[in-house]
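Each remark here refers to the structure printed beneath this line.
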Amino acid sequence: MSAEAYDDQNIFARILRGELPAHKVYEDDASIAIMDVMPQGTGHTLVIPKTPSRNLLDADPEALANLIRSVQTVARTVKDAFEADGVTIIQFNEAAAGQSVFHLHFHVIPRFEGVALRPHTGSMEADDVLAAGAGKIRAALAGS
Ligand code: DGP
C-alpha cells in the first residue's frame, strides 16, 4: 500500500460504520460530528465526511464543499453551546503536518479569551466530560 492510500480500517471509518463507539453530536447526509477524545479545549469536536478520503488533498471537491457547510453548522453550534468567544478550525494533511487519523476531518474548537489550546493528541478526556459536552451541543442544535 502506498503512503497516500486510503485505509478503511482507520478509526473514523470504523466509527462511521458503527464498529467503534463515539459521542456523536450531529449527522447529515454527508457527515457526522463527534467529540474528540483528546480535546485541545472544552467542546473540541471533529467533523467527519461519510465519503472516504485520506485528507483534504485527495478529497472530492464536491464532498469538500458539502463538508464545509457541516463545519460551519457545528462551529456556530459549539460557539453557542459553550458561550465561547471564538472558534478555531484546524485540519491536518499527512503525518508531517500533524495528521494521525487518515480519514479527512476538521477540528472545531471553541475558544475563550486568555485560554490557550492544549497539545494536539495530548491526554484522553474522561468519558463523562465528553458526554456532558456532547449533551450541550445536542441541546444547542435542538434549539437552533
Ligand atoms: P489528526 O489526525 O492529527 O487531525 O487528529 C486526530 C484526532 O482524533 C485527535 O485530536 C485525537 C482524535 N482521536 C483519536 N482517536 C479517536 C477516537 O477513537 N475517537 C475520537 N472521538 N477521537 C479520536
Side-chain angles (χ1 to χ4, degrees), residues 1-82 84-112 114-142:
M1 184 183 293
S2 84
E4 277 77 34
Y6 178 80
D7 175 2
D8 70 2
Q9 293 306 310
N10 73 75
I11 290 167
F12 296 160
R14 297 191 65 198
I15 289 172
L16 281 162
R17 291 195 295 268
E19 295 169 6
L20 292 174
H23 291 284
K24 192 190 293 182
V25 295
Y26 173 82
E27 180 163 13
D28 60 28
D29 289 347
S31 67
I32 63 169
I34 63 173
M35 304 309 291
D36 192 307
V37 294
M38 298 175 203
Q40 290 186 253
T42 300
H44 184 161
T45 303
L46 301 168
V47 184
I48 303 170
K50 293 180 179 178
T51 306
S53 74
R54 194 173 153 86
N55 52 45
L56 180 141
L57 302 173
D58 63 333
D60 171 62
E62 192 68 29
L64 258 186
N66 289 330
L67 183 62
I68 205 69
R69 296 176 206 278
S70 309
V71 170
Q72 184 185 45
T73 298
V74 171
R76 287 173 169 167
T77 303
V78 298
K79 185 170 182 298
D80 287 350
F82 296 95
D85 302 309
V87 182
T88 293
I89 311 287
I90 310 176
Q91 193 276 317
F92 301 96
N93 299 283
E94 299 301 331
Q99 186 176 9
S100 59
V101 178
F102 295 93
H103 179 113
L104 174 62
H105 54 281
F106 280 79
H107 298 258
V108 178
I109 312 173
R111 300 302 301 276
F112 304 89
V115 179
L117 286 183
R118 301 203 285 269
H120 180 53
T121 61
S123 52
M124 289 278 287
E125 186 58 275
D127 195 64
D128 60 334
V129 173
L130 297 176
K136 279 191 175 188
I137 298 171
R138 291 190 202 105
L141 269 170

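What you see is a predicted model, and the numbers here were worked out from it, not measured in a lab. Just so you know, ligand 1 is whichever comes first in the structure, and atom 1 is the first atom listed for that ligand. Because only heavy atoms are used, hydrogens play no part in the values below, and waters and symmetry mates are left out as well, while side chains stay in.
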Inset, instruction - Mark yes or no for whether R54, through its side chain, and D7, through its backbone, hold a donor-acceptor pair below 3.5 Å. - result: no

Note to self: Please check this pair: side chain of H107 against backbone of H105, looking for a donor-acceptor N/O pair closer than 3.5 Å.
What the structure shows: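 It does not hold such a pair.
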
List for me each residue that meets side chain to side chain contact (heavy atoms under 4.5 Å, CB included) alongside [X], sequence neighbours excluded, and say none if there are none.
X   : value
R14 : Q9, R17, E19, L20
I68 : V71, F106
N93 : N55, L56, L57, Q91

- Task: Kindly indicate, with the supporting measurements, whether the criterion side chain to side chain donor-acceptor pair (under 3.5 Å) is fulfilled by S31 and D28.
- Result: CA-CA 5 Å; S31 67; D28 60 28; 3.0 Å; yes

Identify, chain by chain and in numerical order, each protein residue with a heavy atom under 4.0 Å from an atom of ligand 1.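 The 4.0 Å shell around ligand 1 contains I11, F12, I15, I34, M35, D36, V37, L46, F92, G98, Q99, S100, V101, H105, H107, H120, T121.
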
